[in-house]
Amino acid sequence: LPGNEGPALPFVPVANYLSGVTAAITDTTTTSVIAAQGAGYSIHVTTIVVANSHATVSTIVEIKDGTTVIMRVPAAAVNGGAVVDLPIPLRLTANTALQAACLTTGSNVYGSAVGYKGA
């Protein structure tokens, strides 16, 4: 198909690729990773990365479809975290943001995600 240039997602036009990254999350406030894509469009997540740079405070990071928790990822202190590759993309509810929140105040977590926009 025209516009399909990426080997990781050969059936998705490059224009539909998405990525997002948070600023440091230091409390339990829900933070947007990738914004909602508009009516009729869903985010399809292919990879999630969580990293905690705090020297002593570990946490669990909740990954959310809007306000609904869909995954929990550990983020140990001293650069702990995880890379979650999803061979079958995680499809969010249409017109809903991908969000992240820590369960512990005081950590210093960064969240990132990649995927694509689709119906």
Side-chain angles (χ1 to χ4, degrees):
L1 297 172
N4 294 334
E5 300 160 14
L9 300 170
F11 303 109
V12 178
V14 172
N16 287 10
Y17 287 7
L18 299 171
S19 64
V21 63
T22 68
I25 304 171
T26 59
D27 56 20
T28 58
T29 302
T30 297
T31 303
S32 181
V33 182
I34 299 176
Q37 297 299 300
Y41 292 101
S42 296
I43 298 168
H44 299 251
V45 182
T46 57
T47 304
I48 296 169
V49 180
V50 171
N52 181 5
S53 65
H54 198 279
T56 59
V57 180
S58 298
T59 192
I60 301 292
V61 179
E62 291 185 329
I63 306 300
K64 299 180 179 185
D65 178 354
T67 59
T68 303
V69 176
I70 54 174
M71 184 182 296
R72 289 187 176 93
V73 179
V78 191
N79 297 315
V83 175
V84 181
D85 282 320
L86 300 163
I88 299 172
L90 184 62
R91 182 176 182 254
L92 304 188
T93 306
N95 199 24
T96 303
L98 177 66
Q99 312 238 45
C102 293
L103 293 182
T104 306
T105 294
S107 59
N108 195 61
V109 170
Y110 297 89
S112 305
V114 296
Y116 59 93
K117 174 174 82 171

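Residue indices begin at 1 and follow the sequence shown.
For the pair Thr29 and Ile25, the tightest heavy-atom approach, listed with the atom from each and the gap, is O-CG2, 4.3 Å. The minimum heavy-atom distance linking Ser32 with Thr22 is given by the pair O-CG2, 3.7 Å. Across all their heavy atoms, Val33 and Ser112 have their closest contact at CG1-C, 4.1 Å. The minimum heavy-atom distance linking Ser53 with Tyr110 is given by the pair OG-CE1, 3.9 Å. In terms of heavy atoms, Val109 sits closest to Ala75 at CG2-CB, 4.4 Å. Nearest heavy-atom pair, Ala113 versus Leu98, reported as atom, atom and distance to 0.1 Å: CB-CD2, 3.5 Å.
Of the possible polar contacts, one joining the Asn52 side chain to the Val57 backbone as a donor-acceptor pair under 3.5 Å is found. Judged by distance alone, the side chain of Thr46 and the main-chain N or O of Val114 form a donor-acceptor pair under 3.5 Å. Under the 3.5 Å distance criterion, the side-chain polar atoms of Thr96 are left unmatched by any main-chain donor or acceptor of Gly66.
Partners of Asn79 according to the side chain to side chain donor-acceptor pair (under 3.5 Å) rule, which considers only residues two or more places apart in sequence or in another chain, do not exist here.
Pairs engaging residues 42-74 under the ring-ring contact (aromatic ring centres under 6.0 Å, His included) rule: His44-Tyr116 [sequence neighbours left out]. Under the salt bridge (Lys or Arg N to Asp or Glu O under 4.0 Å) criterion, the residue pairs touching residues 42-68 are Glu62-Arg72, with sequence neighbours excluded. The salt bridge (Lys or Arg N to Asp or Glu O under 4.0 Å) contacts involving residues 32-42 comprise nothing, where partners must be two or more places apart or lie in separate chains. Here salt bridge (Lys or Arg N to Asp or Glu O under 4.0 Å) pairs that include residues 99-113, with residues two or more places apart or in two chains, number zero.
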Under 3.5 Å, which donor-acceptor pairs do the side chains of residues 35-42 form with other protein atoms, sequence neighbours left out?
| residue | atom | partner | partner atom | Å |
| --- | --- | --- | --- | --- |
| Gln37 | NE2 | Ala35 | O | 2.7 |
| Ser42 | OG | Leu92 | O | 3.1 |
| Ser42 | OG | Ala94 | N | 3.4 |

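Test Thr59, Val61, Val50, Ile60 against Pro74 for side chain to side chain contact (heavy atoms under 4.5 Å, CB included) and you get one pass: Ile60.
With no hydrogens or angles considered, a side-chain donor-acceptor pair links Thr47 and Asp85 at under 3.5 Å.
Using a 4.5 Å cut-off on side-chain heavy atoms (C-beta onward), Met71 and Val45 make no contact.
In the hydrophobic cluster analysis, where Ile, Leu, Val, Met, Phe, Trp and Tyr join through side-chain heavy atoms closer than 4.5 angstrom, Leu103 is grouped apart from Val73. Note on Leu18 and Val12: separate hydrophobic clusters, where clusters join Ile, Leu, Val, Met, Phe, Trp and Tyr whose side-chain heavy atoms are under 4.5 Å apart, directly or indirectly.
For the atom pair Gln99 CD and Ile34 CD1, the distance stands at 11.0 Å (nearest 0.5 Å).
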